[in-house]
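Notes for the one structure printed next.
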Amino acid sequence: MANYDTVRSAYLKFPDRSDFAPAQKDDGTVIIYYSGEKGLQKAQMLGFSLGITPVLEQAEKHKIYELLEGLGGEVDDVGSGSEDDFGDETVNILTSSYDDAPVIKLVNQIIIHAVKSGASDIHFEGRDNAFLVRLRVDGRLTTFRRYPKSVHEPIVARIKVIASLDVAETRRTQDGRINLKIGNRSIDIRVSCMPSVNGEKLVLRILERSTDFATLEQVGLEGKTLDMYRPYLDRPNGIILVTGPTGSGKTTTLYASLLAMNRESKNVLTVEDPVEYHIDNITQVQVNLPANITFANAIRAFLRQDPDIILVGEIRDNVTAEAAVQASLTGHLVLSTLHTNDAPTAVSRLIEMDVEPFLISSSLLLVMGQRLVRKICPLCKQDIKADDVIKKFFGDVGVNIDVYMKGKGCEHCFQTGYRGRVGIFEILTVNDDIRRLVNRSASAFEIREEARKHGFQTMFEHGVELIRKGQTTPEELLSVTRSE
């Protein structure tokens with residue numbers, strides 16, 4: 001029997017590898033898994049080309065794709081190519097030709113590695129004497145590879161081709177989209193191209209359609225926080241706001257909220273910019289300015305569609321804010337996001353948008369502020385003694401931290417000590433006392449102090465709980481929020 005490296009090398013030269021793949025057992029035996037009659041024929045042909053009688057075993061397609069990810073997903077591996085052009089159709093980039101041009105293989109290897117690493121964005125950036133590829137994993141942007149400047153234009157041109165952008169246009173911004181498959185995963189990639197002094201910069205936002213949507217518990221809502229939030233999703237009317245900066249997981253929380261509702265008996269409509277994920281049993285509308293489909297215009301149109309629940313991607317201006325308020329006052333539950341630093345500031349932000357305070361107090365049910373913190377890698381977490389700086393900072397706000405958990409770094413977490421992210425939250429429920437403050441346009445500080453009398457917990461305090469549970473670290477908490 002030929003060794004695994006020989007079989008693997010020969011296998012990677014096949015033009016279509018979608019229905020068979022080799023693997024090596026613990027005892028060193030090489031086995032070839034196949035799916036269907038064509039897969040069996042290819043596996044036998046592989047054995048014939050090597051002059052061996054291979055060990056064959058039938059397997060499900062998803063197992064073959066899992067093997068393909070390991071065989072073809074590394075950037076240093078010359079075996080993971082793709083077809084010359086993705087076009088408009090969805091193509092599985094793990095399973096096509098070995099003989100593609102180097103730039104095609106390089107682009108697809110980078111995409112495969114980014115998806116396997118759980119990256120949300122890929123940045124292709126020119127420098128004076130180099131070309132960088134950077135990945136954003138768990139909210140942190142790190143340099144993945146540094147290439148010679150000579151590959152800059154070919155890589156940009158390749159991505160423009162598969163995103164259906166104008167390759168010849170280099171002086172203005174362009175936006176495009178790529179649909180592809182990586183094994184079992186269906187991937188949507190939004191492409192943004194922008195000119196700079198060092199050549200065009202590309203940012204690819206990765207959206208994985210095949211991933212199950214997160215539940216409220218998976219987002220990080222649990223215990224008393226979940227008990228406080230969940231009942232408001234059953235309210236017949238009013239506004240629920242989720243606040244935080246860009247990238248704090250607001251949209252994910254809103255999607256999780258929709259999944260927690262009984263959508264079979266509800267007419268749910270959303271207006272988003274853009275629609276990132278498609279959800280069953282929900283009508284989703286994308287903002288389209290040339291067609292005059294704005295957040296506000298969509299809300300007004302929704303009111304003629306017999307809605308029960310309306311999700312507005314973001315309240316950005318007075319027109320949208322007033323439309324959302326009117327929708328809530330006419331018997332609909334409205335969910336939306338707002339860019340503020342914390343929950344109490346949301347009221348001040350709405351007043352700044354010229355929404356009348358009495359309308360805010362009448363319609364607003366709940367405001368939830370949130371941030372995302374990285375979770376400690378479960379495979380390399382260990383006890384760490386807090387240094388004097390950490391002790392003093394937390395001690396000054398009445399929190400005693402002597403020992404906490406921290407990841408030392410391993411292959412699973414790419415030596416970062418963190419793997420995945422979880423939300424920290426603060427929930428402001430609008431009761432009669434808060435309404436009185438809103439009606440007189442009280443400051444965010446006054447609203448916060450009144451809320452504290454009713455058990456309001458800040459994001460910082462929620463983060464301290466996660467530190468004590470061994471889910472995140474003091475350094476991570478301080479990087480996203482501060483004690484008031």
Side-chain angles (χ1 to χ4, degrees), residues 1-101 104-118 162 178-189 206-213 277-278 280:
M1 183 68 181
N3 64 43
Y4 176 71
D5 289 339
T6 302
V7 175
R8 177 178 180 275
S9 178
Y11 164 78
L12 289 172
K13 295 182 180 180
F14 269 71
D16 182 7
R17 306 187 296 276
S18 62
D19 44 15
F20 78 118
Q24 187 174 29
K25 291 189 173 182
D26 293 338
D27 61 2
T29 304
V30 178
I31 184 170
I32 300 177
Y33 293 98
Y34 68 90
S35 173
E37 187 64 28
K38 288 186 178 179
L40 175 60
Q41 293 173 0
K42 293 173 190 175
Q44 292 171 334
M45 187 182 300
L46 175 62
F48 178 78
S49 68
L50 295 173
I52 62 173
T53 303
V55 178
L56 305 178
E57 184 175 322
Q58 191 167 4
E60 296 292 332
K61 208 85 176 264
H62 69 83
K63 181 171 183 177
I64 293 171
Y65 282 147
E66 287 173 1
L67 293 171
L68 273 169
E69 287 191 35
L71 288 165
E74 297 304 322
V75 174
D76 294 331
D77 180 3
V78 297
S80 75
S82 179
E83 296 181 358
D84 276 347
D85 189 68
F86 291 117
D88 294 327
E89 298 182 357
T90 300
V91 174
N92 197 321
I93 64 175
L94 284 175
T95 63
S96 30
S97 176
Y98 176 84
D99 297 320
D100 285 326
I104 296 177
K105 290 190 289 187
L106 180 58
V107 168
N108 291 299
Q109 289 167 357
I110 291 170
I111 293 173
I112 291 168
H113 183 91
V115 172
K116 289 176 64 178
S117 303
I162 60 180
I178 304 170
N179 299 318
L180 52 86
K181 288 187 66 110
I182 299 180
N184 296 311
R185 304 177 181 183
S186 296
I187 307 295
D188 284 341
I189 298 179
I206 300 171
L207 304 169
E208 190 165 348
R209 286 179 291 166
S210 53
T211 300
D212 292 333
F213 293 109
Y277 299 102
H278 298 277
D280 291 336

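For reference, positions follow the sequence shown, starting with 1. Just so we're clear, the structure is a prediction, and the values are computed from it rather than from any experiment.
- The CD1 atom of Ile31 sits 4.0 Å away from atom CD of Glu57, with the distance rounded to the nearest 0.5 Å.
- Atom CD1 in Ile32 sits 10.5 Å away from atom CG in Leu40 (nearest 0.5 Å).
- Distance check, rounded to the nearest 0.5 Å: CD of Gln109 to CG of Leu106 gives 6.5 Å.
- Among all heavy-atom pairs drawn from Ile111 and Ile189, the shortest one is CG2-CD1, 4.0 Å.
- Considering CD of Gln44 and OG1 of Thr53, their distance stands at 10.0 Å, rounded to 0.5 Å.
- Two residues are said to be in side-chain contact when any heavy atoms from C-beta on lie closer than 4.5 Å; Tyr34 and Gln58 meet this criterion.
- Taking every heavy atom of both residues into account, Lys181 and Ser186 meet most closely at NZ-OG, 3.9 Å.
- The heavy-atom pair separating Ser35 from Ala59 by the smallest distance is CB-O, 3.6 Å.
- Checked against Phe20 for a side-chain contact (heavy atoms from CB on, under 4.5 Å), the options Lys42, Gln41, Met45 give a single hit: Lys42.
- The two residues Glu208 and Tyr277 come nearest to each other via the heavy atoms O-CE2, 3.6 Å.
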